[in-house]
Amino acid sequence: MSIVIRGAAKRYVSRGREIRALDPVDLDIKAGEFIAFVGPSGCGKSTLLNMVAGILPMTGGTISHDGKPVSGINRAVGYMTQVDSVLPWHTVFDNVELPLKFRGVPVAERRRRVTEMLALVNLTGFENSFPIELSGGMRKRVALAQVLVYDPTTLLMDEPFGALDAQLKLMMQAQLLSIWQATGKTVVFVTHDLAEAVTLANRVVVFSGRPGRIKVIETVPLSYPRDPFKVRFNPQFETAYGTLWAALAPEIAKGEAI
Amino acid sequence: MAGHADEAAAIGGGKSAAVAAWDAENSARRRLILIGRIVVGVVFVSFWEFSSGRLIDKLFVSSPSAVSSRLWKWLLEGSLWNHLSITLYATALGFIIGSLVGFVLGLLFGRFQTVADIFDPYITALYSIPKIALAPLFIIWFGIGIESKVAVSASIVFFVVFLNTYAGVRDVNPIFVHATRIMGGNELHVLRHVMIPSAASWVITGLKVSVPYALVGTVIGEFMSSNRGIGFIIAQATGLFDTTSVFAGLVLLGVVGAIINVALRHAETWLLRWKASN
């Protein structure tokens with residue numbers, strides 16, 4: 001088991017009122033699994049992800065990752081968000097090298113692994129560019145190289161492709177899928193886009209609106225390798241999408257009504 | 001031919017017709033600005049020269065020719081460098097001390113909110129005192145030598161740099177901090193790779209503003225009591241109604257200030273090369 005979540009909950013106080021961001025949830029995520037969290041905004045899907053990353057302290061329950069309880073920043077994961085977490089003042093090479101530097105990897109090996117990783121995400125030749133000089137898709141690939149270079153067992157991704165245009169999004173999905181299949185990492189992928197979730201994941205978890213809790217967990221019966229450009233025309237895709245949409249739609253409507 | 005140019009534009013090698021036209025337009029504009037600047041300068045200096053003694057008493061405004069020959073005389077005597085060097089030295093020292101202390105304290109306060117909240121009213125009170133009003137006190141403490149001038153300019157520079165550094169650290173995007181820590185960075189890494197670079201644009205703005213202030217601080221110190229420096233020259237000449245020397249001193253200050261500003265702008269462009277050019 002890669003991630004074991006038992007009764008994890010989050011409450012906080014805002015303007016003198018207690019807000020239940022996430023009611024206690026239980027979830028087991030198998031090693032090598034690609035799992036997606038979907039739900040309306042404010043349903044606690046990002047909250048749960050951030051608790052696995054150790055960024056947000058829990059107000060109840062436990063989470064263990066690779067057998068170790070999460071308390072404080074979890075350095076065994078790779079973390080990628082919609083906002084560019086690539087440091088704008090470092091070049092592409094320096095950005096990808098940073099985690100290895102932090103982890104005390106010797107210089108020669110650092111250089112070798114960074115070069116290898118940049119080749120993997122098709123960014124060879126851009127080593128000395130600053131992120132501002134790259135396109136949005138290229139910056140995403142830098143971020144991907146940055147989290148893959150130190151070989152974490154688990155990738156936590158919070159709407160990583162949210163800001164990209166539709167075609168670019170599909171291309172990034174294809175690249176992520178092929179990397180996932182080649183490396184066998186566990187991926188937890190938060191998105192509000194149900195089609196993206198069904199395209200990528202083994203299992204899709206639907207969260208209900210505030211207070212957040214898990215409403216439905218559905219296995220996607222499509223086999224891998226999947227082609228993000230074509231998989232949506234598969235009848236099994238439609239069935240899975242339909243079932244999940246039936247669970248998700250009322251939650252979104254609930255959010256809109258408030 | 002046209003097809004050739006388009007291809008060059010598409011692959012970015014060579015100069016397409018559009019790029020050449022844009023370059024030409026740009027350099028024409030730059031030439032116009034340069035010529036305009038020279039014209040404004042020449043007109044102003046000529047008018048000054050013409051009106052001095054004709055429209056306004058020479059005693060009040062001197063004249064460009066008298067000022068430049070006074071500067072030339074100082075240069076030959078060696079007194080120019082004698083006075084300029086002491087002013088520059090005090091300015092640089094005040095700038096370095098003030099910005100170093102301001103930067104370190106700014107980082108500290110930015111990181112520890114509670115400390116910042118405790119000291120906030122005192123900092124605000126100190127900040128509200130015109131630093132010039134401290135000059136007499138510094139002269140009592142440090143004497144009429146260079147130390148009191150350094151103290152005045154350092155106290156001015158300190159606040160500018162401190163407040164900008166503090167604001168810069170508070171402005172850091174928390175995503176960068178979280179991501180860096182998950183990547184394996186410790187507190188020191190976060191400081192070195194996130195806090196300081198992120199605050200850099202604020203800090204550099206602060207430094208750019210504070211260099212002229214450092215000069216102001218030094219000159220004010222020299223006005224009050226000294227026996228060397230540009231401020232001393234101006235104060236002494238004022239006492240003797242020697243407007244030529246007063247203007248010569250002012251010209252020196254203007255030139256020095258302008259040179260420092262150009263140097264800072266270049267430093268800024270290089271340090272912030274990762275940012276989008278506006």
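Computation of the quantities below employed the complete heavy-atom set of this structure, encompassing side-chain atoms and omitting hydrogens, waters and symmetry-equivalent molecules. Numbers restart at 1 for each chain; the letters A, B, ... are given by sequence-line order, proteins then strands.
Summarising the geometry, atom NE2 belonging to B:H178 is positioned 7.5 Å from atom CG belonging to A:N50; distances are rounded to the nearest 0.5 Å. Rounding to the nearest 0.5 angstrom, the gap separating the CZ atom in B:R273 from the OG1 atom in A:T91 is 9.0 Å. Atom CD1 in A:I73 sits 11.5 Å away from atom CE in B:M183 (nearest 0.5 Å). Within the model, atoms CD1 of A:I55 and CD1 of B:I175 stand 7.0 Å from one another, a figure rounded to the nearest 0.5 Å. Between atom NZ of residue B:K275 and atom CH2 of residue A:W89 there is a gap of 9.5 Å, rounded to the nearest 0.5 Å.
Between B:G184 and A:R75, the shortest heavy-atom distance links the atoms CA-NE, 3.3 Å. Between B:H193 and A:F102, the shortest heavy-atom contact is CD2-CE2, 3.7 Å.
Options A:L87, A:V77, A:V83 differ in how many heavy-atom pairs under 4.5 Å they form with chain B, and the most are formed by A:L87. Most heavy-atom pairs under 4.5 Å with chain B: of the set A:M80, A:R103, A:Q146, this distinction falls to A:R103. Counting heavy-atom pairs closer than 4.5 Å to chain A, the top residue among B:S198, B:A200, B:A179 is B:S198.
Environment of CG in B:L188: sparse, with no more than 12 heavy atoms of neighbouring residues, nucleotides or ligands closer than 6.0 Å. Crowding of B:Y213 atom OH: a count of heavy atoms from other residues, nucleotides or ligands under 6.0 Å not exceeding 12. Summarising the local packing, CD of B:E25 is surrounded by 12 or fewer heavy atoms from other residues, nucleotides or ligands at distances under 6.0 Å. No more than 12 heavy-atom neighbours from other residues, nucleotides or ligands sit within 6.0 angstrom of OH on B:Y89.
Contact check for B:W274 versus A:P131: no side-chain heavy atoms found under the 4.5 Å cut-off.
Only the backbone of A:V86 has a heavy atom closer than 4.5 Å to any heavy atom of chain B. When heavy atoms are compared at a cutoff of 4.5 Å, A:F130 approaches chain B solely by way of its side chain, counted from C-beta outward. At a 4.5 Å heavy-atom cutoff, B:V177 makes no contact with chain A through either its backbone or its side chain.
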